[in-house]
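Chain letters run A, B, ... following the sequence lines, proteins first and then strands; every chain starts at 1. Every value quoted in this text rests on a predicted model; they were computed, and no experiment measured them.
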Amino acid sequence: MYRRIADLLKNASPGDAAEIRGWVRTRRDSKGGFSFVEVNDGSCFASLQAVVPADVPGYEQSIKDVTTGSSVAISGKLVDSPGKGQRLELQADALRLLGTADADAYPLQKKRHSFEFLREIAHLRTRTNTFGAVFRVRNRVSYAIHEFFQQRGFLYVHSPIITTSDCEGAGAMFRVTASRESRDESREQDSPSMTSLNLLPSTLDPAEFFGRPAYLTVSGQLEGEIFACSLGPCYTFGPTFRAENSNTTRHLAEFWMIEPEMPFFELIDNMALAEEFIRHLCRTVLEDCQEDLAFFADRIDKEAITTLRMIAENDFLRVTYTEAVEVLTQSGMTFDYQVEWGRDLQSEHERYLTEQHFQRPVILYDYPRTIKPFYMRVNDDGKTVRAMDVLVPRVGEIIGGSQREERLDVLESRMREQDLDPAHYWWYCELRKYGTVPHSGFGLGLERLMLLITGMQNIRDVIPFPRTPKSAEF
RNA sequence: UCCCCGAUAGCUCAAUCGGUAGAGCGGCGGACUGUUAAUCCGUAGGUUGUAGGUUCGAGCCCUACUCGGGGAGCCA
């Protein structure tokens with residue numbers, strides 16, 4: 001009976017018959033008349049060693065082609081392993097070679113490869129220890145995200161991927177158009193500039209598929225607010241796009257974001273949820289991904305497990321922007337960028353706070369209104385808004401959120417303050433016009449969370465097929 | 001987009017002052033072995049990222065471009 005290796009290692013006993021199917025990691029021949037074939041099927045970190053005697057059906061005609069990367073089905077009986085390195089092994093009674101992998105040409109060798117090289121063979125890198133572990137953890141984290149919100153009665157909202165609104169001006173957007181062939185060629189025209197977003201219905205353009213310029217979403221927040229202000233606490237979890245020409249280890253053109261939005265939540269509740277959320281995810285991974293985590297701690301980042309425990313076990317600090325500025329100016333540190341109230345904090349400042357000064361996750365809140373978007377609620381002091389950023393060691397900003405401005409007059413004046421026309425956001429404003437309520441939300445970048453959890457250095461290595469400037473091969 | 005660094009065998013890298021290309025790993029052949037990053041012996045493998053320039057001669061110096069890496073900005 002075909003069973004996956006994770007199942008066998010967890011549930012099977014010596015004496016059980018089983019067939020395994022997977023990809024060969026290594027083969028070692030013994031002159032004793034048998035071969036060791038190490039098979040990995042991706043179900044768990046561990047491979048299973050099959051001992052294949054030379055007189056077994058299939059051995060003679062195919063053993064030479066059982067090379068690293070080839071695919072096999074091996075059936076036999078599980079036995080206690082006399083060798084070191086594994087508890088159980090499969091004593092084979094039949095070997096089937098499913099697909100060969102020319103050893104001379106197969107790019108993955110039984111040696112360490114650089115992540116840069118593996119990125120060039122993204123169709124094969126999932127067969128390595130590192131990427132197997134990364135994507136099993138990513139899967140568990142994704143599931144835990146749904147668990148966390150579903151257990152709390154949050155509604156999962158599928159916010160649109162194609163949008164005609166420019167939320168918060170969160171950065172350059174990708175244009176969405178019908179392909180040239182399917183467009184009415186009589187209406188060729190230049191692309192509208194970025195400033196002509198959010199055209200009113202009266203300016204419908206028949207040459208545009210949607211009647212107006214359309215883009216890939218940069219955030220599901222505005223749509224999330226609609227659902228929060230009707231169906232209650234909700235969250236989105238889907239792909240998000242930024243056309244920024246960012247070339248860093250922390251940015252992608254396509255990434256996955258989780259954006260919860262809660263009615264009747266003030267900033268303090270928002271911060272509490274964000275903290276509970278992150279810590280829940282860390283605890284889940286510590287509990288359920290021990291084998292993969294052990295690998296990260298061994299080969300990727302010595303502190304991988306320590307970091308997760310530190311986050312799971314310690315309260316996040318809450319520090320106002322103003323207090324943070326004081327800490328930084330009194331730190332005696334020399335920064336490349338000067339710290340001054342009213343200016344945004346730079347990466348170096350955030351990292352100093354979370355890595356050196358506080359040495360744990362920190363939630364900064366109450367930022368100057370001038371450096372934050374229009375939808376954040378203005379505090380009574382008139383100078384700050386109810387924004388929060390969650391900063392964690394090594395990664396920096398992992399969550400950005402706020403209490404939303406629920407007062408229509410204040411919202412509209414904030415829009416004008418930032419040269420936005422309230423008419424373009426008419427439906428967003430109507431949420432305040434009809435039955436407005438205090439509400440809050442935040443955004444978490446899944447890949448940044450993955451960096452934190454795995455200890456991986458480059459965000460391109462924690463998403464299956466990274467999209468970055470000049471790169472979208474797979 | 002800006003700053004810095006890099007591109008040489010399948011992979012990771014070396015090559016002195018500008019003087020005719022090397023190693024380890026991997027592959028292949030063999031030896032040995034309840035092996036497991038196996039070990040030992042042998043062997044093949046190169047338009048030095050692309051285009052131009054300087055020079056008697058360029059992997060090495062110069063220019064441009066392409067791609068990759070690190071940092072910054074933008075942000076999640």
Side-chain angles (χ1 to χ4, degrees), chain A residues 24-39 46-53 64 67-69 79-86 89 91 101-121 129 167-172 218-221 239-259 274 299 335-337 344-348 350-351 371-373 389-392 395-401 442-452 457-463 468-471 473:
Chain A
V24 173
R25 284 293 174 82
T26 71
R27 186 193 88 225
R28 298 176 289 273
D29 296 327
S30 169
K31 274 299 181 296
F34 51 90
S35 296
F36 299 100
V37 181
E38 208 171 303
V39 179
S47 301
L48 187 65
Q49 172 171 285
V51 182
V52 189
K64 282 294 170 197
T67 54
T68 301
V79 297
D80 288 315
S81 176
K84 290 175 184 169
Q86 64 276 322
E89 63 186 23
Q91 189 64 40
D102 181 7
D104 200 36
Y106 189 62
L108 290 175
Q109 303 166 357
K110 294 189 293 185
K111 57 172 283 194
R112 212 178 191 132
H113 289 291
S114 67
F115 291 136
E116 292 82 3
F117 171 67
L118 291 172
R119 239 170 262 150
E120 294 170 1
I121 49 169
N129 284 336
C167 174
E168 67 191 275
V218 293
S219 168
Q221 180 195 318
T240 311
F241 307 88
R242 304 280 163 89
E244 298 289 346
N245 192 4
S246 297
N247 294 286
T248 80
T249 53
R250 300 181 309 284
H251 290 85
L252 291 164
E254 176 184 288
F255 63 100
W256 286 65
M257 190 152 66
I258 300 98
E259 295 181 284
R299 295 295 179 84
F335 295 111
D336 291 339
Y337 291 84
D344 215 350
L345 298 180
Q346 304 294 313
S347 295
E348 57 175 344
E350 296 180 341
R351 294 190 64 157
I371 59 172
K372 289 294 182 183
D389 282 354
V390 179
L391 311 180
V392 294
V395 178
E397 183 182 341
I398 197 168
I399 279 180
F442 61 82
L444 168 77
L446 178 64
E447 288 76 19
R448 290 202 178 162
L449 178 71
M450 285 294 298
L451 292 179
L452 175 70
Q457 303 277 325
N458 194 315
I459 201 162
R460 294 161 197 164
D461 297 326
V462 296
I463 188 168
T468 53
K470 304 272 162 44
S471 173
E473 173 76 12

Problem set entry | Counter-base of B/U35, judged by Watson-Crick or G-U geometry with both distances under 3.5 Å | none
Exercise. Reckon A/Asp336 touches a base, only the sugar-phosphate, or nothing at all at heavy-atom distances under 4.0 Å?
Worked result: nothing
For this session: Establish, with yes or no, whether the OP1 or OP2 oxygen of B/G69 is under 4.0 angstrom from a side-chain nitrogen or oxygen of A/Arg460.
Result: yes
Problem set entry | OP1 or OP2 of B/G69 under 4.0 Å from side-chain N/O of A/Arg119 | yes
Problem set entry | Base-pairing mate for B/U54 - Watson-Crick or G-U, with both contacts under 3.5 Å | none
For this session: Between protein and nucleotides 28-36 of chain B, map the contacts as a letter string: B base, S sugar-phosphate only, - none, heavy atoms under 4.0 Å, written 5' to 3'.
Result: S---BBBBB
Exercise. So, is A/Thr249 close to the B/G71 phosphate, meaning a side-chain N or O under 4.0 Å from OP1 or OP2?
Worked result: yes
Exercise. Below 4.0 angstrom from OP1 or OP2 of B/G73, is there any side-chain N or O of A/Ser347?
Worked result: yes
For this session: Counting Watson-Crick and G-U wobble pairs only, both distances under 3.5 Å, name the nucleotide matched with B/G24, or none.
Result: B/C11
Problem set entry | Any A/Asn458 side-chain N or O less than 4.0 Å from OP1/OP2 of B/G70 | yes
Exercise. For B/G29, which nucleotide in any strand shown is its Watson-Crick or wobble partner with both distances under 3.5 Å?
Worked result: B/C41
Seminar exercise, completed: CG of A/Leu108 to CD1 of A/Ile121, rounded to nearest 0.5 Å, is 4.5 Å
Exercise. NA contact type, A/Leu252, heavy-atom cut-off 4.0 Å: base, sugar-phosphate, or nothing?
Worked result: base
Problem set entry | Nucleotide of B/G68, B/G26, B/A76 approaching A/Lys111 most closely (side-chain heavy atoms) | B/G26
Problem set entry | Contact under 4.0 Å: A/Arg250 side-chain N or O vs B/A72 OP1/OP2 | yes
Exercise. Aromatic rings A/His113 and A/Phe117: how do their planes relate, parallel, tilted or perpendicular, breaks at 30° and 60°?
Worked result: tilted
For this session: Verify whether one side chain among A/Asp29 and A/Ser35 offers a donor that lies under 3.5 Å from an acceptor in the other.
Result: yes
Exercise. Is there a donor and acceptor pair closer than 3.5 Å between the side chain of A/Gln109 and the base of B/G27?
Worked result: no
For this session: Check whether any side-chain nitrogen or oxygen of A/Gln346 sits under 4.0 Å from OP1 or OP2 of B/G73, and answer yes or no.
Result: yes
Exercise. Should the heavy atoms of other residues, nucleotides or ligands under 6.0 Å from CD of A/Gln457 be counted, would the total exceed 12?
Worked result: no
